[in-house]
Amino acid sequence: MFIDLHSHTTASDGTDAPEALVRRAQEAGLVALAITDHDTFAGYEEAKPMAQAEGFDLVCAIELSTKHRAKTVHLLGYFLQGEPAGEFQEWLRQQQSMRKERNQRLVERLNLLNVRVTLDEVEAIGKTMTGRPHFARLLLQKGYVKTLQEAFDRYIGEYGLAYVERDEVPLAEAIGWVKRGGGISVLAHPSRLPVRRAEEEKQWVEEAVEAGLDGIEIIHSDHSAEQVVRYQEYARHFGLLRTGGSDHHGENKPDIRLGYGRDGNVRVSRALLDDLRGATIHA
Ligand code: AMP
Ligand code: FE
Ligand code: FE
Ligand code: ZN
């Protein structure tokens, strides 16, 4: 019995509406799905009534962008005993307003470069969780770039002309927030850690563990077989819980299939979710 613990809906930067994503999970024969939208529970909340009515195991989760050693690290939070505490929700609203400020500055920078876009236009695409992928889409729609990737490379990516840094929460702080919200914190796709060598990678994982990290995403569409083995070994070494998911974004990443990843490199057993739940009960 298979599951997928990493997916995005139209509430963040995926292209499947929340209920359609649950439907897709059912059609793929999955027995559980975590919606891990960036910075919002809106997609999970929208799909919840339908999942409940159909007895489908929908997991409340979130993906946060955090900062560690001046680099971005993605952290997953799983709330297995129901919704996170109100304090977490309040903190999340602050994160969302920081994002909105960043977006306003990004619009200003683009306008200085004669790229005519407005905050209203981009928010019409991205709504509550408007992010750079939505800017990329707008730039493509308006003909300023020929591909979504070009939008990042030329304008809004880290090395782009209009790049504006977002005030991301320190990794250790985000881990603390997830914990206090009653959740389990998991290092997302460790293959994307900004390191060159495996020793450095292990060091980063260790620092996250010291900050209270609970788990590591061992299975992911971007992970090679060697990486999965290495991350299993980190999990064993540091006593971390293990998770896995496709990181499905719909048409934004068309080669990644929910529950299967790239060419079937993501098959996640339900036993991993049972372990997560077991750990939450005993915490
Ligand atoms: P945001 O949280 O609004 O800053 O947007 C971050 C998202 O933009 C990431 O999760 C990626 O999906 C996408 N992204 C960031 N940098 C790049 C890049 N250089 N090329 C393609 N996509 C990117
Ligand atoms: Fe994303
Ligand atoms: Fe991510
Ligand atoms: Zn993701």
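- Using cut-offs of 30° and 60° on the angle between ring planes, the pair Phe79 and Phe41 is perpendicular.
- Every residue two or more places apart in sequence or in another chain was checked for a side-chain hydrogen bond (donor to acceptor under 3.5 Å, both in side chains) with Asp263, and none qualifies.
- For the residue pair Arg116 / Asn114, a side-chain donor-acceptor distance below 3.5 Å is found, with atom types taken as modelled.
- Put simply, CD on Gln81 and SG on Cys60 are 11.5 Å apart, with the number rounded to the nearest 0.5 Å.
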- Show your working on side-chain hydrogen bond (donor to acceptor under 3.5 Å, both in side chains) between Asp13 and His249 and close with a plain yes or no. CA-CA 7 Å; Asp13 57 349; His249 280 73; 3.2 Å; yes
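- Note on Arg69 versus Glu200: no salt bridge recorded, every NZ/NE/NH1/NH2 to OD/OE distance being 4.0 Å or above.
- For the 3.5 Å distance criterion, the side chains of Thr147 and Gln149 fail to qualify, holding no donor opposite an acceptor.
- For residues 179-189, the pairs satisfying salt bridge (Lys or Arg N to Asp or Glu O under 4.0 Å) are Lys179-Asp214, with sequence neighbours left out.
- Ion pairing between a basic and an acidic side chain is recognised when a charged N comes within 4.0 Å of a carboxylate O; Glu233 and Arg236 show such pairing.
- Under a 4.5 Å side-chain heavy-atom cut-off, the cluster of Ile, Leu, Val, Met, Phe, Trp and Tyr residues that includes Val164 is completed by Leu106, Val107, Leu110, Leu113, Val115, Val117, Leu119, Val122, Ile125, Phe135, Leu138, Leu139, Leu140, Tyr144, Val145, Leu148, Phe152, Tyr155, Ile156, Leu161.
- The salt bridge (Lys or Arg N to Asp or Glu O under 4.0 Å) analysis of residues 93-102, with sequence neighbours excluded, yields the pairs Asp39-Arg99, Glu90-Arg93, Lys100-Glu123.
- The closest side-chain donor-acceptor pair between His248 and Asp16 falls under 3.5 angstrom.
- The CD1 atom of Ile175 lies 5.0 Å from the CG atom of Leu213; values are rounded to the nearest 0.5 Å.
- Summarising the hydrophobic clusters (Ile, Leu, Val, Met, Phe, Trp, Tyr; side-chain heavy atoms under 4.5 Å, direct or chained), the residues clustered with Met98 are none.
- Not counting sequence neighbours, the partners of Ser269 by the side-chain contact (heavy atoms from CB on, under 4.5 Å) test are Ala271.
- Counting non-hydrogen atoms of other residues, nucleotides and ligands closer than 6.0 Å to NZ of Lys67 gives a total above 12.
- Glu217 and His223 share no donor-acceptor pair across their side chains, judged by distance under 3.5 Å alone.
- The salt bridge (Lys or Arg N to Asp or Glu O under 4.0 Å) analysis of residues 185-196, with sequence neighbours excluded, yields the pairs Arg192-Asp222, Arg192-Asp247.
- One distance of note links OG of Ser65 with CG of Asp167; it measures 12.5 Å at 0.5 Å rounding.
- Applying the salt bridge (Lys or Arg N to Asp or Glu O under 4.0 Å) definition to pairs two or more places apart or across chains, those involving residues 124-144 are Glu121-Lys142.
- By the side-chain contact (heavy atoms from CB on, under 4.5 Å) test, Asp57 pairs with Ala32, Val59, Leu273, Arg277, sequence neighbours left out.
- Partners of Trp204 under the ring pair (Phe, Tyr, Trp, His ring centres under 6.0 Å) rule, at least two apart in sequence or in another chain, are His68.
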- Query: What do the steps show when you test Thr9 against Asp37 for side-chain hydrogen bond (donor to acceptor under 3.5 Å, both in side chains), and what is the final call?
  - Reply: CA-CA 6 Å; Thr9 76; Asp37 277 319; 2.7 Å; yes
- Message: One pair to check against side-chain contact (heavy atoms from CB on, under 4.5 Å): Tyr234 and Leu187. What are the steps and the verdict?
- Response: CA-CA 11 Å; Tyr234 293 166; Leu187 181 66; over 6 Å; no
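- The side-chain hydrogen bond (donor to acceptor under 3.5 Å, both in side chains) check on Arg197 picks up Glu199, with sequence neighbours excluded.
- Cluster partners of Met50, by chain and number: Phe2, Leu21, Val22, Leu30, Leu33, Ile35, Tyr44, Phe56, Leu58, Leu258. The rule joins Ile, Leu, Val, Met, Phe, Trp and Tyr whenever side-chain heavy atoms lie under 4.5 Å apart.
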